[in-house]
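Have a look at the structure below, then the notes.
Both backbone and side-chain heavy atoms feed into the values below; hydrogens, waters and symmetry mates do not. Quick note on labels: first sequence line is chain A, next is B, and so on, each numbered from 1.
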Amino acid sequence: MIPSFRTSVAAVLYCASLVLLATTPVLAQRGSPEVGLSIEKTAYLKFDILVEPLEVLSGGQRAIDHAEKVRWTIDQDLEYSGYFRVGRDEEEAEELNAQFAIEGVLEGPLPDTVTKPEQAKSVLTLRLVSYPERQVMLDKRYGPLPSQLRASAHHFVNQVVELLTGEPGICLTRIVFSRGTGDRRDLYVVDYDGENLLRLTANRTLNLCPSWSPDLSQVAFTSYTDGQQGIYLFETATGKVTELTATEGLNLGAAWHPDGKELLVSLSKDGTPEIYRIDLQGRVIRRLTHSPAIEISPCWSPGGKDIVFTSDRTGTPQLYMMDEMGANRRRLTFEGQYNDSAAWSPSGEQIVYACRIGNDTRLVQISSFGENRRILLDPSWRSCEDPSWAPDGRHVVFASDRTGTFKLYVLDVVEGNTRQLTFGEEPDVTPAWSP
Amino acid sequence: MTKGQKISQQMLVICGLGLMIILLAMGGCGKKEEPVETDMEVPTEQPAPPVIEPEPAETETTPMPAVDFAAMEPAEYGIEDVFFAFDVYDLSSEAMTILSANARIMREHPDLVWLIEGHCDERGTVEYNLALGEKRALAVREYLTSLGVPARQLRFTSYGEERPFAMGSNESAWAQNRRAHFANP
């Protein structure tokens with residue numbers, strides 16, 4: 001389960017210079033390795049950290065088991081973040097030359113060991129300390145603990161990541177996607193680490209292309225009623241589904257504006273697929289494209305001022321940019337005969353998209369200026385589609401059929417590590433990472 | 001499920017229930033088994049038996065509306081699907097020939113409504129393929145209307161790569177799946 005970090009420091013530094021170039025395209029000449037430009041990102045650093053067994057003060061064997069589960073979750077979260085090399089004992093810490101350690105205490109009976117809830121006064125204390133000095137840098141207490149051990153561990157690691165890197169932790173994020181085949185695909189949601197798989201829809205039809213609202217309260221998605229496509233809103237708190245728009249023809253590609261008050265969609269109600277801004281009542285705010293071609297896959301820039309989208313106005317699908325009024329249009333991709341599914345990174349600096357090469361679709365990363373194109377995974381991955389960024393700007397979830405069936409995988413775009421997120425026989429497609 | 005299918009299923013359910021009642025009346029209790037259940041789930045392909053009596057009617061006056069098209073698949077009228085090249089939604093000359101024949105049949109049945117489904121092969125992205133399927137369906141609709149088929153007779157939708165006709169990751173399967181398919185609305 002836990003990916004091994006084969007990457008050497010040299011490779012990390014190489015990646016660092018690559019990304020450095022990509023993030024400063026105005027200053028850096030294409031291809032000239034101008035390292036030394038100031039960059040305050042710590043994303044390419046690797047922290048060495050010791051995760052110690054938790055001290056268990058009371059609660060018996062069950063508490064010991066739970067403590068081990070907490071430790072294991074912390075360990076995995078740190079690995080998944082991409083920023084850490086984890087040592088599990090002092091010897092490993094020595095080897096790694098660890099600068100940090102995580103220590104913790106679990107005390108009190110756990111809820112399932114007692115009969116009355118008020119007796120369940122277990123408290124989990126987690127600390128980040130310098131190593132070997134053990135100066136406390138972060139001290140968190142969680143409790144009284146219900147069955148939130150994993151969530152507590154996730155929360156703590158988020159705090160650690162944020163403190164050390166300045167980037168948000170992603171341990172409490174989730175991924176919504178579409179699972180199934182033929183006449184039926186349902187929306188599912190899963191934790192970022194593959195736990196807690198949950199089905200959202202059961203309406204015996206195709207449900208596709210989900211998209212989180214910025215406040216996570218809703219998921220917009222495409223579905224069919226009597227053969228007619230529509231975009232629907234799924235209320236995450238209640239499971240209630242309401243129709244957003246179901247005009248004749250295509251109703252696709254809902255992308256939430258960062259302010260949560262409007263969406264970009266593709267509708268063909270005026271003849272051919274065009275991109276519109278619509279409000280939460282489904283009313284058109286503005287039509288942004290006017291062409292006889294296919295105009296789809298819109299995605300807002302993180303600031304909500306620009307839009308990257310797909311158009312086949314030149315005969316092949318290519319990525320374009322425009323502003324929020326549909327003006328200042330320019331073509332972004334020139335390589336490849338088939339480019340689609342652009343996903344704008346949370347920092348606004350990178351775009352990952354799907355590019356067809358041969359019979360496969362590959363993931364490609366470019367800067368938001370269209371420069372520094374690089375293919376992300378080797379051909380053994382076969383077709384990779386529908387990339388979606390994690391809020392940390394480092395991980396991308398996507399669907400790949402490398403096993404013969406589309407399943408979801410997570411890619412660390414900095415180091416190139418991958419891990420499989422979903423399992424099972426049915427195809428999983430169109431993932432969307434929660435903000 | 002389409003409206004037509006719904007209607008025909010409702011009919012079948014009614015038939016099934018009627019049959020049940022008759023059987024019960026005639027044969028007392030009979031055998032209490034599931035066959036009654038299966039009766040109700042008769043697949044839609046089977047023309048619903050007694051309800052429809054459209055009288056093949058060469059008189060061609062006013063055939064019974066609504067029920068008609070639910071009973072017969074477009075292919076049974078001689079309507080044929082048309083196929084496309086990869087990432088293409090323009091009609092080939094072959095497709096146009098087929099559509100001309102389709103248009104003639106459609107004009108002969110001014111009361112019928114047809115659903116044009118756009119389909120794609122599995123290559124490419126889910127979303128783009130939905131749009132591509134849409135363009136294929138629209139191209140077909142446009143051509144049919146140019147041949148005098150009233151637009152109100154034509155509905156369209158896209159299933160992209162979601163409902164392949166042929167399984168397999170090879171050109172012959174892909175070619176089968178790049179099509180505009182005619183179905184009951």
Are any non-hydrogen side-chain atoms of [X] and [Y] less than 4.5 angstrom apart?
X: A/Q229; Y: B/Y159; value: no
X: B/T157; Y: A/Q228; value: no
X: A/D183; Y: B/R163; value: yes
X: A/E248; Y: B/F156; value: yes

Let me know if [X] has heavy atoms under 4.5 Å from chain B in its side chain, its backbone, both or neither.
X: A/T430; value: side chain
X: A/R185; value: side chain
X: A/D386; value: side chain

Would you compute the distance between atom [atom1] of [X] and atom [atom2] of [Y] and round it to the nearest 0.5 angstrom?
X: A/S383; Y: B/R123; atom1: OG; atom2: CZ; answer: 9.5 Å
X: B/L130; Y: A/I296; atom1: CG; atom2: CD1; answer: 8.0 Å
X: B/E162; Y: A/T181; atom1: CD; atom2: OG1; answer: 8.0 Å
X: A/N359; Y: B/S169; atom1: CG; atom2: OG; answer: 9.0 Å

Distance-only, no hydrogens or angles: does the B/T125 side chain make a donor-acceptor pair with backbone N or O of A/S341 under 3.5 Å?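 Such a contact is absent between B/T125 side chain and A/S341 backbone.
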Which pair of non-hydrogen atoms, one from [X] and one from [Y], has the smallest distance, and what is that distance?
X: A/R356; Y: B/F86; result: NH2-CE2, 2.9 Å
X: B/V126; Y: A/E385; result: N-OE1, 3.8 Å
X: B/R155; Y: A/D226; result: NH2-O, 3.6 Å

Winner by heavy-atom pair count (cut-off under 4.5 Å) against chain B, out of [options]:
options: A/A293, A/S178, A/S266; answer: A/A293
options: A/L206, A/T272, A/V429; answer: A/L206
options: A/C209, A/G315, A/G182; answer: A/G182
options: A/L208, A/T316, A/T361, A/D360; answer: A/L208

Give me each pair satisfying side chain to side chain donor-acceptor pair (under 3.5 Å) with a member in residues 82-100 of chain B, each pair once, sequence neighbours excluded.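 For residues 82-100 of chain B, and leaving out neighbouring residues, the side chain to side chain donor-acceptor pair (under 3.5 Å) pairs sorted by first residue read A/D312-B/Y89, B/D87-B/Y128.
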Using residues 133-142 of chain B as the side-chain source, report each donor-acceptor pair under 3.5 Å to any protein atom, sequence neighbours left out, with the distance given to one decimal.
from	atom 1	to	atom 2	distance (Å)
B/E134	OE1	A/L250	N	3.3
B/E134	OE2	A/L250	N	3.1
B/E134	OE2	A/S268	OG	2.3
B/K135	NZ	A/P292	O	2.3
B/R136	NE	B/V88	O	2.8
B/R136	NH1	B/H119	O	3.0
B/R136	NH2	B/A85	O	3.1
B/R136	NH2	B/V88	O	3.0

